[in-house]
K.L.:
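Dumping the structure here so I can ask a few things about it.
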Amino acid sequence: MTVRTRFAPSPTGFLHIGGARTALFSWAYAKKHGGKFILRIEDTDVERSTPAAVQAILDGMAWLGLDYDEGPFYQMQRMDTYKKVLQSMLENGTAYHCYCSKEELEALRESQMQQGLKPRYDGRWRPEAGKALPQVPPDIQAVIRFKNPQTGSVVWDDLVKGRIEISNTELDDLIIARADGTPTYNFCVVVDDFEMGITQVIRGDDHVNNTPRQINMLMALGATIPQYAHLSMILGDDGQKLSKRHGAVSVMQYHADGYLPEAVLNYLARLGWSHGDAEIFNRQQFCAWFDLDHITPSAAQFNSEKLNWLNAHYIKEIDINLLASDITERLQANKIAPSAAPCLNNILALYRERANNLNQLAKDIAYFYVLPTASAEDVGKHITPEIIPAMQTLSEKLTSIDWTAEAIHREINAVVTQYALKFPKVAMPLRVMLTGTAQSPSIDQVMALLGQKETLTRIQSHLA
RNA sequence: GUCCCCAUCGUCUAGAGGCCUAGGACACCUCCCUUUCACGGAGGCGACCGGGGUUCGAAUCCCCGUGGGGACGCCA
């Protein structure tokens with residue numbers, strides 16, 4: 001049987017880091033087994049679903065390079081199918097109408113909680129042989145409930161958590177269609193997983209409790225039960241649960257924050273999954289290695305430091321032209337247009353080795369295209385009155401040489417010798433004058449890239 | 001409250017009864033490289049939640065605690 005996995009987000013917000021990992025694992029599992037990966041948008045919550053959120057999910061997946069073989073399917077467009085299944089369940093007695101009002105149910109829940117019981121529907125409208133049902137109230141629109149088995153238990157062998165058994169006495173008759181007739185989550189999932197032939201359901205472990213209900217419905221529909229793999233949640237950097245208010249950032253936020261998708265992907269892959277000691281691996285390698293056996297059942301805490309480390313790695317690795325176009329966008333976002341003169345590719349070749357963030361990288365090289373302003377502190381510390389004569393001499397020497405890093409280096413050395421100084425005594429003021437900061441790669445290389453004219457202009461402006 | 005799940009360095013993890021004096025990675029510390037800051041290289045610090053079993057032998061299996069988390073919607 002060919003593997004078919006799916007990612008089924010609800011479009012009520014952006015694609016966050018936990019959802020992205022779920023998608024990644026489902027995607028990788030399908031790739032690994034030569035199967036199909038399906039994207040299904042679970043938009044049956046009309047109140048909260050938005051087209052913007054759908055787009056955000058699509059964008060997030062595209063950015064990470066998670067392509068799907070089928071879909072996106074939208075549940076709201078599959079109403080006819082659900083209605084049909086609902087009707088047949090009503091007919092064969094696996095579902096029934098319930099006329100309880102929301103207030104009635106609320107009261108029931110409350111009293112059960114008070115008694116220390118697990119709140120659940122008491123089955124007052126559940127048809128039973130020889131049981132008299134209440135009078136149908138005229139003013140209430142019925143919901144449809146699934147007639148869950150009341151004895152026995154549901155058992156499945158979870159691919160990450162192992163065997164899980166839940167007694168049917170823990171379950172109640174859940175609502176599968178609202179009063180307005182729209183089907184609810186648990187029902188749509190079941191119908192879709194069945195009809196789409198999903199073989200492995202890989203999802204967050206907040207769904208563990210839904211699984212027995214879904215299995216019961218699947219059985220009522222005569223479906224083959226898929227395998228389930230429940231992934232533990234991802235905690236924030238501080239060990240706290242991720243929430244909209246607390247660190248659950250959109251994957252696109254990582255793009256905005258200067259991360260390469262390769263780094264985020266690699267990081268996410270290692271969060272809860274491992275392949276021996278392997279830490280760095282690309283998409284292809286991951287797909288070849290991925291399996292459900294090496295997923296950790298416990299929750300994982302997000303660690304930005306490690307993401308930074310991976311980002312640094314991929315900034316070094318990425319194709320220089322791709323890096324240049326990314327950095328160009330970031331420069332432009334800061335109203336800086338990289339000109340042809342100092343070649344961006346060459347600048348990046350020099351700077352990528354030391355960067356771990358694209359925004360920082362763009363910021364660090366901005367001085368090539370826009371005149372930097374050094375802090376008074378750096379100026380005062382490095383451009384001292386004593387060094388001015390040496391700088392003046394250097395400036396003169398630099399006017400008549402071949403503009404290469406080697407030649408520049410020779411001239412600096414000559415001045416260092418002439419004035420009996422240490423190399424940094426000359427290099428540091430140059431750094432401050434040319435880059436506006438006290439940190440940069442080798443100053444001779446910086447000068448070579450900056451160009452003779454611009455270099456001399458900047459030096460002179462500090463000597464005048 | 002009820003049900004379910006989880007538990008190895010600060011963090012991510014390796015670990016399928018002897019390969020474990022518990023390995024790797026991030027972070028941190030030291031040193032080296034050096035033209036500043038980084039990068040890179042070499043070292044270092046640092047963990048099996050507790051208690052009982054089972055076994056010749058347990059990080060690994062079982063039980064009980066403890067701690068954490070999740071679920072209990074006409075949300076998904």
Side-chain angles (χ1 to χ4, degrees), chain A residues 8-12 42-45 47-49 75 98 100-102 105-106 109 112-120 141-145 158 160-162 164-167 169-172 174-186 188-189 203-212 230 232-233 235 237 239 241 267 270-280 293-294 296-310 312 316 351-356 364 382 409 412 416 422-428 430-432 435 437-445:
Chain A
S10 63
T12 54
E42 312 222 319
D43 53 0
T44 53
D45 183 351
E47 299 286 308
R48 298 195 301 153
S49 297
Q75 290 187 324
C98 167
C100 285
S101 66
K102 289 187 185 184
L105 293 170
E106 193 49 51
R109 235 193 308 275
Q112 286 169 327
M113 285 285 249
Q114 266 170 6
Q115 291 171 62
L117 298 172
K118 185 171 183 166
R120 48 182 184 259
Q141 275 294 318
V143 298
I144 299 173
R145 287 184 184 271
D158 197 277
V160 349
K161 294 186 185 290
I164 297 178
E165 172 169 5
I166 291 174
S167 168
T169 59
E170 292 297 326
L171 275 23
D172 64 358
L174 72 156
I175 292 171
I176 56 178
R178 301 178 179 90
D180 66 6
T182 58
T184 59
Y185 166 74
N186 275 108
C188 296
V189 166
R203 65 197 348 178
D205 74 355
D206 47 333
H207 288 290
V208 167
N209 295 272
N210 291 323
T211 306
H230 287 101
S232 293
M233 57 185 298
L235 271 22
D237 237 331
K241 186 191 174 185
Y267 180 73
R270 274 295 281 108
L271 207 52
W273 176 83
S274 62
H275 183 78
D277 287 341
E279 292 289 352
I280 291 177
D293 299 335
H294 292 84
T296 321
S298 54
Q301 189 172 317
F302 196 89
N303 183 227
S304 308
E305 300 286 358
K306 192 161 180 179
L307 208 212
N308 289 340
W309 171 69
L310 282 166
K316 291 188 185 92
Y351 266 83
R352 73 196 309 194
E353 293 298 322
R354 50 203 295 120
N356 69 4
D364 286 347
H382 299 291
H409 191 83
I412 296 176
V416 162
K422 296 276 190 199
F423 196 98
K425 270 288 179 201
V426 178
M428 290 311 291
L430 282 173
R431 240 178 218 113
V432 175
T435 75
T437 75
Q439 296 88 242
S440 83
S442 293
I443 196 61
D444 41 23
Q445 296 196 55

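So that the names make sense, note that chain A is the first sequence line, chain B the second, and so on, each numbered from 1. All values below come from the heavy atoms of this structure, side chains included, with hydrogens, waters and symmetry mates left out.
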K.L.:
Base of B:G70, side chain of A:Asp206 - is there a donor-acceptor contact under 3.5 Å?
P.N.:
no

K.L.:
When you compare B:G17 with B:C61, how far apart are their P atoms, in angstrom units rounded to a whole number?
P.N.:
9 Å

K.L.:
Roughly how many Å is it from CG in A:Asp205 to C1' in B:A71, rounded to a whole number?
P.N.:
10 Å

K.L.:
Using a cut-off of less than 4.0 Å, is there contact between a side-chain N or O of A:Ser167 and OP1 or OP2 of B:C3?
P.N.:
no

K.L.:
Distance check, P atoms only: B:A27 and B:G40, in whole angstrom units.
P.N.:
9 Å

K.L.:
When the C1' atoms of B:A14 and B:C19 are compared, how many Å lie between them, rounded to an integer?
P.N.:
14 Å

K.L.:
Check whether the side chain of A:Arg120 and the base of B:U2 form a donor-acceptor pair under 3.5 Å.
P.N.:
no

K.L.:
Given B:A7, B:A71, B:A76, identify the nucleotide with an atom nearest to the side chain of A:Ser298.
P.N.:
B:A7

K.L.:
Would A:His409 and A:Ser442 count as having a side-chain donor-acceptor pair, cut-off 3.5 Å?
P.N.:
no

K.L.:
Under 4.0 Å: is that the gap between some side-chain N or O of A:Ser274 and OP1 or OP2 of B:A14?
P.N.:
yes

K.L.:
Expressed in whole Å, how much space separates the C1' atoms belonging to B:G43 and B:U35?
P.N.:
26 Å

K.L.:
Ignoring hydrogens and geometry, is there a side-chain-to-backbone donor-acceptor pair from A:Asp43 to A:Pro11 under 3.5 Å?
P.N.:
no

K.L.:
Under a 3.5 Å limit for both distances, which nucleotide forms a Watson-Crick or G-U wobble pair with B:G43, could you say?
P.N.:
B:C29

K.L.:
Pick the nucleotide of RNA chain B nearest each of A:Tyr267 and A:Ile443; which residue has the one closer to the 5' end?
P.N.:
A:Tyr267

K.L.:
With no hydrogens and no angle check, do the side chains of A:Ser167 and A:Thr169 hold a donor and an acceptor under 3.5 Å apart?
P.N.:
yes

K.L.:
Among B:G1, B:A76, B:C6, which is the nearest nucleotide to the side chain of A:Met113?
P.N.:
B:G1

K.L.:
Quick one: closest heavy-atom pair of A:Pro183 and A:Thr44, and the distance?
P.N.:
O-CB, 3.9 Å

K.L.:
Which base sits across from B:A22 as a Watson-Crick or G-U pair, both distances under 3.5 Å?
P.N.:
none

K.L.:
Using the P atoms only, state how far B:A22 lies from B:G46, rounded to an integer number of Å.
P.N.:
11 Å

K.L.:
Determine the interatomic distance between P on B:G51 and the same-named atom on B:G70; round to the nearest Å.
P.N.:
28 Å

K.L.:
Check the distance between B:C26's P and A:Lys306's NZ and give it to me in whole angstrom.
P.N.:
8 Å

K.L.:
Please tell me if A:Arg109 has a side-chain N or O lying less than 4.0 Å from either OP1 or OP2 of B:G73.
P.N.:
yes

K.L.:
Taking the C1' atom in each of B:G10 and B:C48, what is the distance between them to the nearest angstrom?
P.N.:
16 Å

K.L.:
Compare the minimum distances between each of B:C26, B:U13, B:U35 and the side chain of A:Glu305, then state the nucleotide with the smallest one.
P.N.:
B:C26

K.L.:
Quick check: on RNA chain B, is the nucleotide nearest A:Ser232 upstream (toward 5') of the one nearest A:Ala438, or the reverse? Name the residue that is more 5'.
P.N.:
A:Ser232

K.L.:
Is it true that a side-chain atom of A:Thr12 and a backbone atom of A:Arg48 form a donor plus acceptor pair closer than 3.5 Å?
P.N.:
no

K.L.:
Is A:His409 side chain donor-acceptor paired with the B:U35 base, going by distance under 3.5 Å alone?
P.N.:
yes

K.L.:
Please check the phosphate of B:G15 (OP1 and OP2 only) for any side-chain N or O of A:His294 closer than 4.0 Å.
P.N.:
yes

K.L.:
So what's B:U2 paired with, Watson-Crick or G-U wobble, going by both distances under 3.5 Å?
P.N.:
B:A71

K.L.:
Please indicate whether A:Gln301 has more than 12 foreign heavy atoms, meaning atoms of other residues, nucleotides or ligands, lying under 6.0 Å from its CD.
P.N.:
yes

